[in-house]
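The structure under discussion appears below in the form of structure tokens.
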Amino acid sequence: MNIKNISIVLTVLLVFIAAMVLMQKGNYVDQATEHYNKTTEASFKGGKKILEYVNNSVDVNKLVWAMACEAIQTVKTSQDMAKLESKYFPTTKGSNSIANKTRRFEATSAYFIVSSFDKVDVDKKTDLKTLSGLNSIDVNALMGEATVAQEEPEGEEEEEFEE
Amino acid sequence: MKTKKFKILAIVDAVLIVALVVLMFALKGQYNDQAQSSVKEQVGAYKATVNAALQDQWKSMDQYGMAWKLVYATITGAKTEAAFNAAVQNIFEDKEARFKQVSYMYTAASIPAQVQNDIAAVGLAEQFLLKDEGGVKEVACGKNCVAKFTFVKGKLKSSDYKALVEYKFADNFGIEAPAAFKFE
């Protein structure tokens, strides 16, 4: 009777251990899979985010470059420049500095161009001041050589062009 | 007679239990090593793919930046082949300015300096001027992007940088999601 009980217990134990042996591999596969998924997912998300951020940001850079290239060939006045700005960036407008005879267009704080003009024109009827004779366009910000933007003194900005 | 059978069963059970326990410990070490090396290998391979994509983008951004500088120099400078050749050489050889420009674009895209440094370890683009035959010059303006300039008798006849203006970054740079883990 005693040996009968022992043999039954040992058989049950044997089945239990055999089951453990069979499940052992599954546990390692699960643990390894979990670690792999966690690590690669983090790498995927991080890499994707970098690519997207750069892709999106450089799309703006591209438009500012294209605008600067077109501007230097076609623009004569600050009004022409304003028209070109609205063509490339319908929701962003540049601003004139009559004192400096420049017009600054800032697509983002990093990507901006500053157009320099030769003279200030004054409309006799409206007394509105505009700039004419495009001289050069400063594209330093597009070449990665931007300096800290200077705030224009108040009262010197005049938006002369409205579509 | 029955007792004898149970005795044999108990002995067989005990032997099998011992054997299974030994087997279990042996497999434990084996599975552990296997799992670690499989994970290391597959995670490493995936990370290498991600890094390659990021480095590909970095080098393309360098070509893109150089191309715009060249286009702008061509528009604003002398329209001669000699001036163009000099501009290509100056732009390509000024590695400091190239790095500065690419890094500026990454900073503008909110990529931290440490991350930029990791990507930048790959270096800058090896190629810029792709073709220079009989007055026809082609420069790389990014991955799958070529700008073309044609000169006749040393004078600029045409500039074609449409590919640069229409370049779609999102179409050229992406990362595939990781494949399912294989326990090998």
Side-chain angles (χ1 to χ4, degrees), chain A residues 1 3-14 17-18 20-21 24-25 27-29 31-37 39-41 43-44 46-48 50-63 65-66 68-69 72-73 108-111 136-137 139 141-146, chain B residues 2-3 6-7 9-10 13-14 16-17 20-21 23-24 27-28 31-32 34-36 38-39 42-43 46-47 50-51 53-54 57 61 64-65 68-69 71-72 75-76 97 100-111 115 119 161 164-165 167 169-170 173-175 177-178 180-181 183:
Chain A
M1 193 61 191
I3 191 69
K4 184 183 173 186
N5 288 339
I6 290 170
S7 63
I8 289 169
V9 169
L10 284 177
T11 305
V12 171
L13 191 62
L14 177 67
I17 291 174
M20 276 179 67
V21 170
Q24 196 182 12
K25 185 177 178 182
N27 289 338
Y28 279 102
V29 172
Q31 276 182 39
T33 305
E34 192 187 337
H35 181 71
Y36 169 84
N37 287 343
T39 315
T40 53
E41 197 61 30
S43 192
F44 173 58
K48 204 173 158 195
I50 293 171
L51 291 184
E52 280 176 6
Y53 281 12
V54 175
N55 287 346
N56 294 340
S57 170
V58 84
D59 270 338
V60 177
N61 173 289
K62 184 182 74 177
L63 283 179
W65 264 121
C69 288
I72 200 71
Q73 297 177 93
T108 65
S109 57
Y111 299 133
S136 64
I137 299 178
V139 291
L142 299 176
M143 296 203 284
E145 291 167 0
Chain B
K2 241 183 181 181
T3 312
F6 279 117
K7 225 181 217 174
L9 180 63
D13 281 347
L16 285 176
I17 285 169
L20 281 179
V21 168
L23 178 68
M24 195 164 76
L27 286 176
K28 188 181 175 182
Y31 287 148
N32 193 32
Q34 209 174 333
Q36 281 188 4
S38 277
V39 167
Q42 289 173 57
V43 165
Y46 185 71
K47 280 188 174 173
V50 172
N51 281 341
L54 295 177
Q57 188 188 41
M61 289 288 282
Y64 162 86
W68 272 122
K69 277 198 273 196
V71 167
Y72 197 72
I75 292 170
T76 54
K100 209 171 164 186
Q101 189 182 20
V102 182
S103 180
Y104 186 88
M105 289 192 275
Y106 274 64
T107 305
S110 310
I111 309 300
V115 178
I119 303 170
Y161 55 95
L164 180 59
V165 175
Y167 194 57
F169 294 87
F173 305 103
I175 301 175
F181 177 69
F183 191 81

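Every heavy atom of this structure was used, including side-chain atoms; hydrogens, water molecules and symmetry mates were not. Because the structure is a prediction, the values reported are computed rather than measured. Letters A, B, ... are given to chains in the order of the sequence lines, protein chains preceding strands, and every chain is numbered from 1.
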Max heavy-atom pair count under 4.5 Å with chain A, selected residue of [options]:
| options | answer |
| --- | --- |
| A180(B), A109(B), A35(B), G174(B) | A109(B) |
| A177(B), G65(B), A14(B) | A177(B) |
| L23(B), D13(B), L16(B) | D13(B) |

Side chain, backbone, both or neither: which part of [X] has an atom under 4.5 Å from a heavy atom of chain A?
| X | value |
| --- | --- |
| N32(B) | both |
| V165(B) | both |
| F183(B) | side chain |
| V115(B) | side chain |
| L164(B) | backbone |
| I75(B) | side chain |
| I111(B) | side chain |
| S38(B) | neither |
| Q57(B) | side chain |

Walk me through it: do Q101(B) and M105(B) pass the test side-chain contact (heavy atoms from CB on, under 4.5 Å)? CA-CA 6 Å; Q101(B) 189 182 20; M105(B) 289 192 275; 4.2 Å; yes

Identify the two heavy atoms, one from C69(A) and one from V71(B), that lie closest to each other, and give their separation to 0.1 Å.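 Closest pair (atom of C69(A), atom of V71(B), distance): SG-CG1, 3.9 Å.
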
What's the shortest heavy-atom distance between T108(A) and V60(A), and which atoms?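 Shortest heavy-atom contact: CG2-CG1, 3.8 Å.
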
For residues [X] and [Y], determine if any side-chain heavy atom of one lies less than 4.5 Å from a side-chain heavy atom of the other.
| X | Y | result |
| --- | --- | --- |
| F173(B) | M61(B) | no |
| Y106(B) | Y104(B) | no |
| L142(A) | W68(B) | no |

Answer with side chain, backbone, both or neither: which region of [X] has an atom nearer than 4.5 Å to a non-hydrogen atom of chain B?
| X | answer |
| --- | --- |
| V139(A) | side chain |
| L63(A) | neither |
| L14(A) | both |

Between OG1 on residue T76(B) and CD on residue Q73(A), distance to nearest 0.5 Å: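 T76(B) OG1 to Q73(A) CD: 9.5 Å, rounded to 0.5 Å.
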
Any chance the side chains of N61(A) and Y64(B) put a donor and an acceptor closer than 3.5 Å?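 Distance-only check passes for N61(A) and Y64(B).
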
Crowding at CD, E41(A) (>12 non-hydrogen neighbours, <6.0 Å):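 Enclosed: over 12 neighbouring heavy atoms sit under 6.0 Å from CD of E41(A).
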
Counting only heavy atoms not in Y53(A) (residues, nucleotides, ligands), do more than 12 fall under 6.0 Å from its OH?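 No, not enclosed.
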
Winner by heavy-atom pair count (cut-off under 4.5 Å) against chain B, out of D59(A), I137(A), N56(A):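 Counting heavy-atom pairs under 4.5 Å, the top option is I137(A).
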
Among N37(A), N27(A), V58(A), V29(A), who wins on heavy-atom pairs under 4.5 Å with chain B?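 Highest number of pairs under 4.5 Å: V58(A).
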
Plane angle bin for Y167(B) and F169(B) - parallel if under 30°, tilted between 30 and 60°, otherwise perpendicular: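 F169(B) vs Y167(B) ring planes: perpendicular.
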
